[in-house]
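Have a look at the structure below, then the notes.
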Number of protein chains: 2
Amino acid sequence: MSELAAEPGSGADLHLEVRGPRVLAGLKEALREAVRSGRLTPGARLPSTRSLAADLGIARNTVVAAYAELVAEGWLSSRQGAATRVATAHGAAPPDRACADPDPARPLHDLRPGTPDVAAFPRAEWLRAARRVFDRAPDRAFSYPDVRGTEELRTALAAYLARARGVRTDPERIVVCAGAAHGLRLLATALRARGTDSVFTEGYGLDLHRRLLTESGLRTPCLPMDGHGARTDLLAQTSGAGAVVLTPAHQFPSGEVLSGDRRAAVIRWARNTGAVVVEDDYDGEFRYENPPVGSLQALDPGHVAYLGTASKSLAPGLRLGWLVVPEILADQLSRALGEFGMCGTLDQLVLAELLGSGAYDRHVRAMRARYRRRREQLSEMLAGRARSRLSGASAGLHAIVNVPSGCEAAIIGAAEADGLALCGISRFRHPRGQDDRDAIVVGYATPSASAWAGALAALEAVLP
Amino acid sequence: MSELAAEPGSGADLHLEVRGPRVLAGLKEALREAVRSGRLTPGARLPSTRSLAADLGIARNTVVAAYAELVAEGWLSSRQGAATRVATAHGAAPPDRACADPDPARPLHDLRPGTPDVAAFPRAEWLRAARRVFDRAPDRAFSYPDVRGTEELRTALAAYLARARGVRTDPERIVVCAGAAHGLRLLATALRARGTDSVFTEGYGLDLHRRLLTESGLRTPCLPMDGHGARTDLLAQTSGAGAVVLTPAHQFPSGEVLSGDRRAAVIRWARNTGAVVVEDDYDGEFRYENPPVGSLQALDPGHVAYLGTASKSLAPGLRLGWLVVPEILADQLSRALGEFGMCGTLDQLVLAELLGSGAYDRHVRAMRARYRRRREQLSEMLAGRARSRLSGASAGLHAIVNVPSGCEAAIIGAAEADGLALCGISRFRHPRGQDDRDAIVVGYATPSASAWAGALAALEAVLP
């Protein structure tokens, strides 16, 4: 085999086998075979004749002739002054799902929860921050990063979480993870290693979270809920569970804020039994009317593991989240991390830069204003209706629209027929949960600014 | 509690509790407490007096007075025309391990293997490509990505791996992972799910890889090696193992290329027994003298899982690698992936852009020339010595310097005393391996261009 290395400008390293005694015929057949097998894809640039000839130790004229004959045969194409390329008529066409094409499987309107308005991602700010990071980062920023995340991001997060969420921590307690699911998986592994075999989960919640816990070998008994959030007052009557996962600032999906009594009760239980409380603070930055609710973690940093994410405040595509790990779980979590981080250094440094410069806060504030308006519009739309009723705190990126008993599935079906994707509360019900309310979980953050009005109108048309 | 939300320009969302009947005293004490507890870190910007007053529903003059008095007390600092900030004299100083400071724990010279010359990371090209990606990416690029990696990167990798490494694949068979360790962990989980309980590993190799396999519940019997690479000819005499992990292009660390006979033997074994061959192609792009060795995967894409990484060709800090998954492992690997990808979309899109534009090839070519020169210089330095001898293929980012029996530890110790970090081959020996050669595994890619000559001289000084 011989490497056909191209000159610096040509952009392609080939990997061909030139067979047979006749060099020209051998080279042509090797190139044809590379195109046929798909190793050279349509549109791929070929090396210049000079560098290919030099690398093969053959006459340049032979390469010129081979290229010319393959162009004549339709295998390659060439234009005056441009590189010779593989013609697009040969070989399997590459899958061309160009970015600009709309995905035919996507609904016309999407009000399912879980995704922020990604059209509002602060591209210009991100790119500016990236430029500053590249100007300044030491070479070792490109080497293997600290498995807990870069020190720059952990330091910036410690300051941010303290002032914005009241979290009590320092950079040494923070672990950067690849989104909340990764963070919860790390916590589950650490809890299992600590000897925990059972973790209470809320009566309504993400099926994914229960599954992640189950896959780590943990049982997930159900903690009932009422209008004040999870019934943490019941924990003292239980035995055996070494942890609970809660969404105290804004219960997902039902929207309640965990009351002060319930907060005190869960901390009391954790202290009395040595249990760990996992606080999933997925949308804590977004509060619209009531005063902000501080983190549960601030009540007892020794027993609460705090889990946050950039997926709602910036974009899920970043795959960045963070854990604040209590001392009692630190060793186990460190072992769960392994030896290599999952998160690229560059995005971490850019996020640290945005947090430090105030650009992150400005973005959150702008999005908060936008989502608040949307929630108000949703509320106004529902104001005149007796059979569809908004509930939950005025916060976050989703709202609960309660509908008459037995109507949930029919509404979702009717919406789907109109090109509106909706999500019912029933899919979030704990398999051993008692409550069987009917409601739509409206993710009002999902549409772009231009798509919002249409999505709201589509929702109006299907609600009773 | 009350949120002290700042105006858009000020950069800070606070989270304070203003206590007591007297507003001014209450506000001052709340701010002092926030500084004391570290929730407001030294240097942090405070909201403007206007927005803070508006948010608290108090007179602006009260906030002006509170700021002025706290400046007078030394808690805050203000300069004409700039935002009021927390003074740096109060509160715990933030950990200031500024990027520019050299790490005192780092050796003066580092010739341990595993890291490329990160000072050569193509910052300008990366940033230019990032700008193009931001100009062009659809909004949904910021939403939850395909768990297998973005289609753009999988498509670019399929074309690149075909032409540069002879890999036979298409984008649907590729999975983007967060570096090779993550990729191997995914493969281990998939193999375990397929019923494999034993995976052959080479007589010398990364302890980390054996540990990852063991943690997934797999045994790791030893496949002996000789001067032609791993003894895959012995596999036919074994029974029970459902897989083998090999480094065929450039055995790590010993540096041999797996011979043609040995390649044929392992493929024959895989076909006869239904086993999976994991090809760890960690540095396949880097060949200096001999013709490039194509991937083992090309011999039988149905039985070989191919594992590649950007950690050697670009930078470990990216945490990007890739798998080409054979059909027989596809379902299990898909389940091992779970529901959320680990890799940020932005870096994936930038890498796809670099692969498509030819900038990646240009970078690899430039680094290949640089590493080739370093290897030649190392070879020249050793040429006159009888007791230190280079071995292994002229390839990759490391070389084996064989030293007299019993000398390895003494050389490493002497080097350490001189500020030169070295790594002996013994630390890569399989616990059940037979060979006990003494050698230094010299990672000649690790130093920056300016540090290389000094590192080589330091090595020269300690070798016998």
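None of these values were measured; they are calculated from a predicted model. Here is the naming used below: chain letters follow the sequence lines, and residue numbers restart at 1 for every chain.
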Electrostatic pair A:Asp135-B:Arg123, nearest N-O below 4.0 angstrom: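 Salt bridge absent between A:Asp135 and B:Arg123.
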Pair B:Asp361 + B:Arg163: basic N to acidic O under 4.0 Å: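 So B:Asp361 pairs with B:Arg163 through a salt bridge.
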Part of B:Tyr144 lying under 4.5 Å from any heavy atom of chain A: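 Both the backbone and the side chain of B:Tyr144 come within 4.5 Å of chain A.
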Pairing residues for A:Thr169 by the side chain to side chain donor-acceptor pair (under 3.5 Å) criterion, not counting sequence neighbours: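 Side chain to side chain donor-acceptor pair (under 3.5 Å) check on A:Thr169 returns nothing, list empty.
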Top contributor to chain A interface from B:Leu318, B:Asp170, B:Asp347 [non-hydrogen pairs under 4.5 Å]: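 Looking at each of B:Leu318, B:Asp170, B:Asp347 in turn, B:Asp347 comes out on top.
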Between A:Ala369, A:Gly341, A:Gly356, the one whose heavy-atom pairs under 4.5 Å with chain B are most numerous: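 Looking at each of A:Ala369, A:Gly341, A:Gly356 in turn, A:Gly341 comes out on top.
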Between A:Pro116, A:Ala178, A:Ala119, the one whose heavy-atom pairs under 4.5 Å with chain B are most numerous: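 The candidate making the most pairs under 4.5 Å is A:Ala119.
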Any side-chain donor near an acceptor of the partner, B:Ser313 and B:Tyr360, under 3.5 Å: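 Present: a donor and an acceptor within the cut-off.
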CA sep, side-chain torsions, deciding dist, call: B:Val147, B:Glu339, side-chain contact (heavy atoms from CB on, under 4.5 Å): CA-CA 6 Å; B:Val147 68; B:Glu339 287 162 77; over 6 Å; no
Heavy-atom distance under 4.5 Å to chain B: side chain of [X], backbone, both or neither?
X: A:Arg168; result: neither
X: A:Cys177; result: neither
X: A:Ser448; result: neither

Using residues 124-134 of chain A as the side-chain source, report each donor-acceptor pair under 3.5 Å to any protein atom, sequence neighbours left out, with the distance given to one decimal.
unit_1, atom_1, unit_2, atom_2, d
A:Arg132, NE, A:Glu353, OE2, 2.4
A:Arg132, NH2, A:Glu353, OE2, 3.2

